[in-house]
Amino acid sequence: MQIATWNVNSIRARVDRVTAWLERTGTDVLAMQETKCKDEQFPREAFEALGYEVAVHGLNQWNGVAIASKVGIADVETSFTGQPGWGEAAVVEGRALGATCGGVRVWSLYVPNGRTLADPHYTYKLAWLEALRANAVEWAQQDLPTALVGDWNIAPLDGDVWDMEVFAGATHVSRPERDAFQAIQDAGFREVTREFTPDAYTYWDYTQLRFPKNKGMRIDFQLGSSSYAERVTGAAIDRNERKGKGASDHVPVIVDLAD
DNA sequence: ATGCCACTGTTTCAGTGA
């Protein structure tokens with residue numbers, strides 16, 4: 001079984017490219033982030049025509065997560081326990097979607113950006129990750145293989161950005177963010193893609209020729225519970241999906257699981 | 001070994017992204 005995660009940066013703008021990729025690769029489960037649409041705007045039919053079932057969770061033009069699966073979708077949850085909200089009204093945003101697909105619990109996650117270290121959004125980001133960690137402790141103790149996949153908006157290692165000097169004092173590389181990422185692994189999850197794809201980026205900014213110059217970031221990951229991680233036989237980052245007209249700024253991160 | 005920012009809705013600019 002093949003499970004992928006992809007920040008698509010608007011599914012309505014990208015649906016042809018995403019479904020073409022699914023058709024070509026035969027990926028069983030695709031977790032998407034930044035779908036940027038309400039549930040009723042999601043182009044479900046394009047996925048269903050290829051034999052996928054779709055679960056979606058989007059409140060407005062920001063954020064939004066979805067899962068497409070051709071091995072079933074059950075027990076859908078649109079937030080995790082204690083997930084913090086954003087803004088004065090503390091709205092729980094469309095940033096987490098859980099579903100059981102082919103015997104695997106998949107969470108499609110879009111971790112808050114943080115904006116700057118002084119921004120309330122950064123505090124929100126850390127609180128969001130801490131609430132996720134508390135859930136991860138529980139999920140790790142269950143038998144169901146569980147994968148926390150998505151856009152983590154954290155570059156865990158210095159080599160995960162093209163130039164640490166550019167990121168001095170910026171989000172994505174701060175100690176508290178990296179500690180939060182490690183804490184989820186300490187809760188019983190393991191990042192399963194890096195060992196198969198060292199020295200690879202998953203994101204390149206649209207500006208300043210960042211992709212041709214390969215000035216990217218590695219911020220999309222798959223963290224697996226022990227019963228997920230032990231089934232992983234390989235992983236890949238499809239860099240080709242950043243090429244050409246109409247590309248997302250992120251590329252798919254794919255894991256192969258033993259049956 | 002790819003190509004000089006891209007989505008969204010309130011739309012002709014602002015908010016967001018990282």
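Lettering of chains follows the sequences in order, A, B, ..., and the numbering in each one begins at 1.
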Taking [atom1] from [X] and [atom2] from [N], how many angstroms apart are they, rounded to a whole number?
X      : N     : atom1 : atom2 : answer
A:Q33  : B:dC7 : CD    : P     : 17 Å
A:R17  : B:dA6 : CZ    : C1'   : 13 Å
A:R239 : B:dG3 : CZ    : C1'   : 12 Å
A:K243 : B:dA6 : NZ    : P     : 18 Å
A:D16  : B:dC7 : CG    : P     : 13 Å
A:L209 : B:dA6 : CG    : C1'   : 15 Å

**Request:** Taking side chain to side chain contact (heavy atoms under 4.5 Å, CB included) as the test, write out the residues that go with A:A13, two or more places apart.
**Result:**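 For A:A13 the side chain to side chain contact (heavy atoms under 4.5 Å, CB included) partners, ignoring immediate neighbours, are A:S10.
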**Request:** Please identify each residue that fulfils side chain to side chain contact (heavy atoms under 4.5 Å, CB included) with A:A140, with sequence neighbours left out.
**Result:**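 Listed in chain order: A:F189.
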[atom1]-based separation of [M] from [N] [nearest Å]:
N      : M      : atom1 : result
B:dG15 : B:dT10 : P     : 14 Å
B:dC4  : B:dT8  : C1'   : 23 Å
B:dT11 : B:dT16 : C1'   : 15 Å
B:dA6  : B:dA18 : C1'   : 13 Å

**Request:** Under the side chain to side chain donor-acceptor pair (under 3.5 Å) rule, collect the residues that match up with A:T35, sequence neighbours excluded.
**Result:**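 Scan of A:T35 (side chain to side chain donor-acceptor pair (under 3.5 Å), adjacent residues dropped) gives none.
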**Request:** For nucleotides 8-18 of chain B, just jot down a letter per nucleotide in 5' to 3' order: B, S or -, based on protein non-hydrogen atoms under 4.0 Å.
**Result:** SSB-----SSB
**Request:** Could you work out the complete set of other residues in the hydrophobic cluster of A:F42, with links drawn between I, L, V, M, F, W and Y side chains under 4.5 Å apart?
**Result:**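 The other cluster members (ILVMFWY side chains, heavy atoms under 4.5 Å, direct or chained) are A:W6, A:V8, A:I11, A:V15, A:V18, A:W21, A:L22, A:L30, A:M32, A:F47, A:L50, A:Y52, A:V54, A:V56, A:I254.
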**Request:** State which residues pass salt bridge (Lys or Arg N to Asp or Glu O under 4.0 Å) with A:E138; sequence neighbours excluded, sorted by chain then number.
**Result:**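 Here no residue qualifies.
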**Prompt:** Does the distance from a Lys or Arg side-chain N to an Asp or Glu carboxylate O, for A:R178 and A:D158, drop under 4.0 Å?
**Reply:**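 Salt bridge present between A:R178 and A:D158.
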